[in-house]
Amino acid sequence: MTTAAAPAKPKRERFSPTAFEQKWRDAWDAAKLYKFDPHPDPPKPKWYAVTMYPYPSGDLHIGHWYAMAPPDAAARYRRMRGYNVFFPMGFDAFGLPAENAAIKRGAHPYTWTMANIENMRRQMRSMGTMFDWDQEVITCQPEYYKWNQWFFLQFLKAGLAYRAEASVWWCPSCQTVLANEQVVDGRCERCETEVYRRELEQWFFNIVRYAEELLNYDGLDWPERVKTMQRNWIGRSEGARVTFKTEAGDAIEVFTTRPDTLWGATFMVLAPEHPLVEKLTTPEQRSAVSDYQAHTRRQSEIERLSTDIEKEKTGVFTGGYAINPVNNERIPVWIADYVLMTYGTGAIMAVPAHDERDWAFAHKFGLPIVPVIEPASGDLYDPDGNLRFHHDYGTMINSGELTGTPGDVAVSKTIEWLQARGIGTGEVTYRLRDWGVSRQRYWGTPIPIIYCDDHGAVPVPEEDLPVLLPLDAEFKPTGESPLKYNEEFLNAPCPICGKPGQRESDTMDTFVDSSWYQYRYLSPHDDELPVDPDLASLWLPVDQYTGGIEHATMHLMYTRFFTKAMRDIGLLSFGEPFTRLFNQGIILGEDNEKMSKSRGNVIDPDDLVERLGADTVRLFLMFLGPWDQGGPWNSQGIAGIQRFLERANTVISETAGNATAAVDDDATRQLRRITHQVIRDATEDIDGFQFNTMIAELMEFVNDLMRLKDTPVAHTAAWREATETLALLLAPLAPHTAEEFWHILGKPFSVHQQAWPTWDPAIAAEETLDIAVQVNGKVRDRITVAADASESDVLAIAKASSKVAQWLDGKTIVREMYVPGRLVNLAVKG
RNA sequence: GGGGGGAUGGCGGAAUCGGCAGACGCGCAUGCCUUAGGAGCAUGUACCGCAAGGUGUGAGGGUUCGAGUCCCUCUUCCCCCA
């Protein structure tokens, strides 16, 4: 090998956290660093942080990382600030996908779910999260769902749970109920049969009882956006309930927010499902009415309520008439799909002159229009003499003895008038409906009810809980619940008389699981109560909750309801689950589109972690932009984070062995200044979840240290302070790398048990200030002044500037402005 | 239709209370180092202009000594509700 060249220079290994991440995770585990300790000695203030638990779909998506890495950083920061932090994790393990997987692949939902959990737990560990897995909650396990059943029984006792009819999507071919999202274009997602609405007996939780209380957000630090969405969802409206009568004397109740327009009610519209429709319909109209009812059954509520201009108003006359109770007018009764049986009373009085939908309806079908409110501004009629539509409040006209009542009291006066005559009464209604918790599904919590021929729906006694979900289920390709055919499960004696009875085969909505999981984390294996009362009084409510905005209404409303219900049955002493709420944005694909398998723009975290390290991925996700905004992934950009960590490593590794001396000169003062400034700014940022700017500040700091590492200042105590500060500030964000740096610096394990650094305002203060000098708002020079320079000093220096002088030449200064520490503006004239 | 949130370089984004627009990062350019570069280091990088200087935060108007920031009108995108 005579031609052998000199040995190639060893390839410079790129710094990567992958080299030591596993080592430090093992060290944390061995030291039980993150073990939940509810009663620390000495005592510390508690901090309970929860981020929404995932559905165990199989793989941790980059979106999960985006949801979990920042709150993990925030929790770690709180820990360093001296709090006893509890930041647990679990799995929302019941739900349809497991059942679908069972039907498609033959895997049992339980094994499928538990295998997925296994994998996702491994992935979450690889993120370097501080979750204590001993506190984990898995909702599909009997020790968890037993308490769903227990709550159900308590709610029954408290009158908060009841059974009633409700309409659901029904697939006649699959013989099963479908969820809204399983209905595609009015057809069954599985067999493409046309589906329709059908009435079914279902269980409900009485959330409407808390409607008023749910509108109160006192003491909660929640995003305005979420509160607004919930207020809209609850939809409180004040008005009057008025009783109309059919010609045959049957009462038709309506609710209106505009009782002042009652005299303008020229017809009525009932929901096609309204019970009085049959009686009202005349023989001539019979076939038209039943055709229309069939047509309506095929529509979703969203379609029915749509007020798109393009959507033609449809409806059919029943042939029947009602009497308007305020003026005894005989008015026709119609049916139309825009009136819903489930909203209000299922019937409306139609006032075409002052309601848009009624106006459109009346025009389409040639029904009379009578104006009864004079608009505050403008005329009732346009120049051509045509009636103008308006829905303003105004003076009542054509309204019998109430004619002339001014707009500001029209509603209240009318309600008084109605009440005095027994026709109607003031009422508050809500759009919010009771929570239907029945699901005709297998993979969920069995509802603890046994039906007995003699005693009806009988609750399972508490001591018999849990009602176990049988695992020997046989899955039908139709998706029909296997519980309906499981004799062993179904057959059960009536708890009252012991005669053969039948179990409820419906299971609970999975939102029941997620309504109280944040409490179960405290005592996941407690078999006395859903949550240990002592731990509850110590640790609740949750201080910080984070998760996606998509749960603004359903999940967050249900868990608020549950908390209030738990309070009212004596389990909790408070009524709101989450003191602070923060919603992260959505991470998009590189093409700026939602990530989805079909688009092929999904980012796989495992692959990235293996190549670049968990800390790199964590930092990059937090660096992308404001956390609440979300945004597109950018594969190229991650190199910036790698370079940053590499530079930080260079700074720390190359100088860790330097001897240190106490020095006080300009260079060390300058270094200490930037050190204390970065502590100040980074602390402010992480407090407000501004991870992106925090990382930018750390980058600047590292860039500064990079320039200084080969200068004498790198051999001072100030340098030591700077490099240790860097490791500490990095600890919440990049836990493994910070631990490695801490180790390189020769400090004892662990960086995560250190106190968050504090800054001294005196050290952070600048000695000199750079002031911009403007003339008429345009910057003409920049000057440097002493930090304590007075306003007159600064103005004098500014005016003395030669660059400024040429802009002042021949002009008169009419005004001088000084913004302390920032700028001078000289307004000139002439 | 109603409610909410946006729009800043080639890109992601900074900018305290109305006070130097573009921090930080990507990308790009030039140079150094290198057998090599999808590595590292240095410098530069809003736009127009050789420069002096001018112009710039979706569009138009207003308030102000001064507006990305406040007010009005509009365009457009996203989300929620209907």
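Computed over heavy atoms, backbone and side chain alike; hydrogens, waters and symmetry mates excluded. Just so it is clear: chains get the letters A, B, ... in the order the sequence lines come, proteins before strands, and each one is counted from 1. These numbers were taken from a predicted model, which means no experiment stands behind them.
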- For B:C78, does the O4'-C1'-N9-C4 (purine) or O4'-C1'-N1-C2 (pyrimidine) torsion place it in syn, i.e. within 90° of 0, or in anti? anti
- Task: For B:G9, measure the glycosidic angle (O4'-C1'-N9-C4 for a purine, O4'-C1'-N1-C2 for a pyrimidine) and name it syn if it falls within 90° of 0, otherwise anti.
- Result: syn
Does [N] have OP1 or OP2 sitting under 4.0 Å from an N or O in the side chain of [X]?
X        : N     : answer
A:Arg611 : B:G38 : no
A:Asn634 : B:G13 : no
A:Arg815 : B:C65 : yes
A:Arg780 : B:G54 : yes
A:Asn692 : B:A14 : yes
A:Lys778 : B:U55 : yes
A:Arg225 : B:G3  : no

Among [options], which nucleotide has an atom closest to any side-chain atom of [X]?
X        : options             : answer
A:Phe623 : B:C65, B:G25, B:A23 : B:G25
A:Met699 : B:G13, B:C80, B:G25 : B:G25
A:Met706 : B:G19, B:G25, B:C41 : B:C41
A:Arg643 : B:G13, B:C41, B:C26 : B:C26
A:Val779 : B:A21, B:C24, B:C65 : B:A21
A:Thr228 : B:G3, B:G12, B:C81  : B:G3
A:Pro632 : B:C26, B:G12, B:A14 : B:G12

Inter-nucleotide [atom1] distance ([N], [M]), Å rounded:
N     : M     : atom1 : result
B:G4  : B:G13 : P     : 23 Å
B:G54 : B:C70 : P     : 28 Å
B:G12 : B:G60 : C1'   : 29 Å
B:G58 : B:A7  : C1'   : 6 Å
B:A46 : B:A29 : C1'   : 16 Å
B:U64 : B:G18 : C1'   : 9 Å
B:C11 : B:C28 : P     : 15 Å
B:C17 : B:U69 : C1'   : 11 Å

- Query: Any Lys/Arg nitrogen of A:Arg643 or A:Glu646 sitting under 4.0 Å from an Asp/Glu carboxylate oxygen of the other?
  - Reply: no
- Query: RNA chain B: A:Glu697 or A:Trp233, which has the more 5' nearest nucleotide?
  - Reply: A:Glu697
- How do A:Gln629 and A:Leu823 order along RNA chain B: which one's closest nucleotide is nearer the 5' end? A:Gln629
Gap between atoms [atom1] and [atom2], on [X] and [N] respectively (whole Å):
X        : N     : atom1 : atom2 : result
A:His551 : B:C79 : NE2   : C1'   : 15 Å
A:Met694 : B:U16 : CE    : P     : 20 Å
A:Asp710 : B:A42 : CG    : P     : 11 Å
A:Met817 : B:G19 : CE    : P     : 14 Å
A:Glu550 : B:C80 : CD    : P     : 9 Å
A:Arg707 : B:C41 : CZ    : P     : 12 Å
A:Asp628 : B:G6  : CG    : C1'   : 12 Å
A:Leu729 : B:C24 : CG    : P     : 18 Å

Within 45 degrees of the ring normal and closer than 6.0 Å to the centroid, is that where the cationic atom of [X] sits relative to [Y]?
X        : Y        : value
A:Arg560 : A:Trp233 : no
A:Arg618 : A:Trp65  : no
A:Arg258 : A:Tyr393 : yes

My understanding is that a pair needs two contacts under 3.5 Å, Watson-Crick or G-U wobble. By that rule, which nucleotide pairs with [N]?
N     : value
B:G1  : B:C81
B:C65 : B:G19
B:A14 : none
B:G40 : B:C32
B:U57 : none
B:U76 : B:G6
B:G27 : B:U45

- Message: Base, sugar-phosphate or nothing for A:Gln774? Non-hydrogen atoms, less than 4.0 Å.
- Response: base
- Base, sugar-phosphate, or nothing for A:Asn703, non-hydrogen atoms under 4.0 angstrom? sugar-phosphate
- All heavy atoms of A:Gly548 vs all of A:Met52, minimum pair found to be N-SD, 3.7 Å
- Item | Donor-acceptor under 3.5 Å (A:Asp434 side chain, A:Ile207 main chain) | yes
- Between A:Asp615 (side chain) and A:His736 (backbone), is there a donor-acceptor pair under 3.5 Å? yes
- Task: Examine A:Phe361 together with A:Trp334 and report whether their ring centres are nearer than 6.0 Å.
- Result: yes
- Task: Please confirm whether A:Trp222 and A:Phe582 have ring centers closer than 6.0 angstrom.
- Result: no
- Pair of N/O donor and acceptor under 3.5 Å linking B:C65 base with A:Asn825 side chain: yes
